[in-house]
Amino acid sequence: MNERKKFDLFPFLTTAVCLVAFASAAAQNPEEGTLIRQANSAEVIPISLSGFSGTAQEVLKFDLEVHGFEVVGGDRAKFNLSGSNNGQVGGRLSDQSKTTLFSKSYTGGNTRSQAHALANDVIFGVTQRKGVTQGQIAFRVGEGKTSEIFIADYDGANAVAVTHDNNLVSAPAWMPGQRKLFYVSYKSGFPDILAHDLTSGARQKIAAYGGSNLSPAVSPDGRRVALILSKTGNAELFVCNADGTNLKQLTKTRDSESSPCWSPNGQTICYVATSGRAGLYKINADGGPPQKLQTAGVGGNLTEPDWSPDGKTIVFTAQMGSFNICTVPAEGGSANVLVDGEDPSWGANSRTVIFTRRKNGGRGLSLLDVPTKRVKDVTRISGSSSQPCWAK
Amino acid sequence: MKRTTLFNFFILSLVLVFTATGCKKVPKGTTAIPGQRIGVGSGKTDGIADGGIATPALPANPDGTIPFADGRPSDWETRTKNREMFAADIVYFDVDSASVKGSEKSKLEAVAAGMKSQPGGDLLIEGHCDERGTEGYNLALGDRRANALREYLANLGVPADKIHTVSFGEAKPAATGTGEGVWSKNRRGEFIFVEPAK
């Protein structure tokens, strides 16, 4: 339900979809063996593209490869997408037996958005899973001694600076269902938490207490914010209303708390506590005793958890010499080390993760398909990009 | 002395309540970053610890942590930040540690002595890290370092309500490059003297 809500709330539906033939009927009644439908299949799906060029070809290839497909020559492909982008993008998806699964064309928007829409339909047509090709991200771009918050399409296209403070910022977090970001700004000389309405441009100070004000995370219903304050003299986890009122302290430890995230039902917060080593903990969002999350198989400092929208899995960074993106069941258990990287954020499909990789002295964003562990780099803009967060 | 502090706090509270009431008149849609206070809806001054009025004296919590004064000095941006005064007293830390090392204690004593000789000033402590942590982790680590230094100075008698902290994580390295020679220079706490209002 959450997942559906998130898709519906963030439509880029400038693209009108015309169903020409077959539509989803074929997808719902597949020939045996035609469609790959395991919910979390780690199988890479070979697909061929024909008839596309330029931006449309690039977008389709990128989108499909982010979602566990591999674009190959026609002879190795299990599926073929043939079509064109002359004037408008359209395509016909067929399987190995040349049976047409759907044929669709798109109007409105531009070539890029039409190609994203077609890619999403191919992903759903083949896997019955929704894609995240129409998602947006917020992230931090550092350049020299300053940094700004940017938003962009999930592949890095159409990047736009949200802040122009010529100062330091950090930790953008999207308010679910709204064009609003929360982040940390050093404009006052101290780290304060601001809420930034992307439509009006208005900014509101949410937390500016003595000490640090860090790591805002908005609850799935958009009503509350989890945040880290050190106003007591030590970093602790707090929650407040989305306007900063009704502040409540959740932890009271000599440890240092950091990096909160919410369970999709809004009842639990997962966060990091550091005493010696940093580990993952869970706490009831209304207060209660913290519970350590078991993460067997990984060591070092564990940081930056993010809870999947389907509630099942927590992704996090393990600092074990280098940095590794890892997952663990939300109830705790054995952790999986996936790839090198840090600061992961789940896409709405609970399958694609956007994260940060260090390269050439800077940082850039990459997308990880969790079951296949395949990684694609997001288009880099100048400077060092990090701290990605998916629009929810 | 204590009475004066309490009186000042009372005045500050009045100002805050007044500001809060004033804020309601700011039209929505106006960018209102400077001066806008949080938590003003209840009509109470915001951010006061559960203990209420006890904040000005900033007594240590039972676990040794020392709370911050509510909010920040209103004249902060206009006051001169003197980075030279304690430039020789930069405190360095071990990897992934916020413990004050024995070798660094004399620097803290010098800072404490300097602060006591300038009772009208404030102190800003910057917590910094090397790049070998994630950005989020390093912001938390820089915060721990700054808080550890603040606690140490408060225990040396510097009034805690005069000590402010900021964590920059790894965003402001003292040296760039890689290797322990660089990293060890970046794991640090810096002290900035904030001169009294003129």
Student: Below 4.0 angstrom, N of the basic side chain to O of the carboxylate: do B/Arg132 and B/Glu170 qualify?
Tutor: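 A salt bridge is absent here (no side-chain N lies under 4.0 Å from a carboxylate O).
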Student: Sort out for me which of B/Ala98, B/Ser167, B/Gly136 touches chain A most, counting heavy-atom pairs under 4.5 Å.
Tutor: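 Most heavy-atom pairs under 4.5 Å with chain A: B/Ser167.
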Student: Counting heavy-atom pairs under 4.5 Å to chain A, which of B/Asp96, B/Asn61, B/Thr134 comes out on top?
Tutor: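 Most pairs with chain A among the choices: B/Thr134.
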Student: For A/Gln319, is it the side chain, the backbone, both or neither that has a heavy atom under 4.5 Å from a heavy atom of chain B?
Tutor: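 For A/Gln319, the contact with chain B is made by the side chain alone.
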Student: Which atom names give the shortest non-hydrogen contact between A/Ser345 and A/Cys389, and what distance separates them?
Tutor: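 In terms of heavy atoms, the two residues are closest at OG-CA, 3.7 Å.
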Student: Select one option (side chain, backbone, both, neither) describing which atoms of A/Ser230 are under 4.5 Å from chain B's heavy atoms.
Tutor: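 When you check distances to chain B, atoms from both the backbone and side chain of A/Ser230 fall under 4.5 Å.
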Student: Assert yes or no for the condition that the ring centre distance of A/Trp174 to A/Phe182 is strictly below 6.0 Å.
Tutor: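 No, ring centres 6.0 Å or more apart.
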Student: Non-hydrogen atoms of chain B under 4.5 Å away: do they reach the side chain of A/Asn241, the backbone, both or neither?
Tutor: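 Contact with chain B involves no heavy atom of A/Asn241 at all.
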Student: Name the member of B/Lys81, B/His164, B/Glu151 that forms the most heavy-atom pairs with chain A at distances under 4.5 Å.
Tutor: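 The option with the most such pairs is B/Glu151.
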Student: Indicate whether any N or O donor in one side chain lies under 3.5 Å from an N or O acceptor in the other, for A/Arg179 and A/Thr199.
Tutor: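 The criterion, which ignores hydrogens and geometry beyond distance, is not satisfied for A/Thr199 and A/Arg179.
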Student: Out of B/Val166, B/Leu139, B/Leu141, B/Asp143, which one racks up the most heavy-atom pairs below 4.5 Å with chain A?
Tutor: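 Going by pairs under 4.5 Å, I would pick B/Asp143.
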Student: To the nearest 0.5 Å, how far apart are CZ in A/Phe355 and CG in A/Leu365?
Tutor: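 A/Phe355 atom CZ to A/Leu365 atom CG measures 9.5 Å (nearest 0.5 Å).
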Student: What are the two closest heavy atoms between B/Leu156 and B/Lys116, and how far apart are they?
Tutor: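 Scanning both residues, the minimum pair turns out to be O-NZ, 2.7 Å.
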Student: With a 4.5 angstrom heavy-atom cut-off, could you sort out which part of A/Ser212 is near chain B: side chain, backbone, both or neither?
Tutor: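 Contact with chain B involves both backbone and side-chain atoms of A/Ser212.
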Student: Measure distances from A/Asn234 to the heavy atoms of chain B and classify the residue's part below 4.5 Å as side chain, backbone, both or neither.
Tutor: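 For A/Asn234, the contact with chain B is made by backbone and side chain together.
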